[in-house]
Amino acid sequence: MAIKGLSLDETVDYISQFDKDDPKVTWILGVLSSRVRKHIGDIATSFNPGSPNSSSFNIGRAEIEAVSFGLKGFKNFVDSKEKPIKFETEKK
């Protein structure tokens, strides 16, 4: 098998096996670049030698960042009143 590069524009549709409603919510997921992955890794852990708490872990914040960069859209996602939720983005 040859080594192949990934396009940062590629997406994959994901439907949770736990979604029992119809129509099912489709999550559109994208590739995280190596630069974004490094950014998320830096958020997840930090090390400060000489400090009483020399290391800290921010796993929850890192997970939020991963979703904010990796989620490219969704289909059939509605609020509690069945009103469609609009996918909005901002440039970072």
Side-chain angles (χ1 to χ4, degrees):
M1 176 190 286
I3 296 174
K4 297 181 181 180
L6 294 173
S7 168
L8 296 180
D9 296 327
E10 288 184 44
T11 61
V12 63
D13 290 353
Y14 173 79
I15 298 172
S16 172
Q17 65 182 351
F18 302 106
D19 189 349
K20 304 301 181 197
D21 294 331
D22 281 313
K24 300 197 179 317
V25 176
T26 301
W27 304 100
I28 304 167
L29 308 176
V31 176
L32 298 179
S33 71
S34 57
R35 186 164 288 169
V36 169
R37 288 181 54 132
K38 177 65 176 148
H39 167 74
I40 292 168
D42 288 347
I43 288 171
T45 59
S46 63
F47 182 69
N48 300 314
S51 169
N53 297 321
S54 61
S55 60
S56 65
F57 301 94
N58 300 303
I59 304 303
R61 184 164 169 239
E63 290 171 345
I64 290 170
E65 286 289 305
V67 171
S68 73
F69 282 101
L71 182 63
K72 304 300 182 186
F74 45 73
K75 300 173 194 166
N76 305 319
F77 192 40
V78 297
D79 64 18
S80 61
K81 296 179 181 167
E82 299 297 318
K83 181 179 173 189
I85 297 173
K86 182 181 177 190
F87 183 74
E88 297 180 2
T89 63
E90 64 182 49
K91 192 148 179 104
K92 274 194 166 184

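FYI, the numbering just counts along the sequence from 1.
Taking CG of D42 as the reference point, atom CD of E65 lies at 11.5 Å (rounded to 0.5 Å). The distance from atom CG of N58 to atom CD of E63, rounded to the nearest 0.5 Å, is 11.0 Å. Rounding to the nearest 0.5 angstrom, the gap separating the CD atom in E82 from the CG atom in D21 is 7.5 Å. To the nearest 0.5 Å, atom NZ of residue K72 and atom CG of residue D9 are 8.5 Å apart. Atom OG1 of T45 and atom CD1 of I59 lie 7.0 Å apart (nearest 0.5 Å). Taken to the nearest 0.5 Å, the CD1 atom of I85 stands 4.0 Å off from the CZ atom of F77.
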| message | Please evaluate residues W27 and L71 with respect to the criterion side chain to side chain contact (heavy atoms under 4.5 Å, CB included), reporting the C-alpha separation (whole Å), side-chain torsions for both, the decisive distance (0.1 Å), and the verdict. | response | CA-CA 7 Å; W27 304 100; L71 182 63; 4.0 Å; yes
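Listed here is the closest heavy atom pair of I28 and D13: CG1-OD1, 3.7 Å. Taking all atoms of both residues into account, the shortest heavy-atom contact from A66 to I40 is CA-CD1, 3.5 Å. Closest non-hydrogen pair, H39 versus F69, comes out as CD2-CE1, 4.0 Å. Residues D19 and K24 share a closest heavy-atom pair of O-NZ, 2.9 Å.
In the hydrophobic clustering of this structure, I64 does not group with F57; members are Ile, Leu, Val, Met, Phe, Trp, Tyr whose side-chain heavy atoms approach within less than 4.5 Å, directly or through other members. Linking ILVMFWY side-chain heavy atoms closer than 4.5 Å, directly or via other members, places I15 and V78 in two distinct hydrophobic clusters. Residues V12 and V25 fall within the same hydrophobic cluster, defined by Ile, Leu, Val, Met, Phe, Trp and Tyr side chains chained together at heavy-atom separations under 4.5 Å. Following chains of ILVMFWY side-chain contacts shorter than 4.5 Å, one cannot reach L32 starting from V67, and the two form parts of different hydrophobic clusters. In this structure, Y14 is not a member of the same hydrophobic cluster as V31, with clusters built from ILVMFWY side-chain heavy atoms closer than 4.5 Å.
At least one donor-acceptor pair closer than 3.5 Å links the side chain of K20 to the backbone N or O of Q17.
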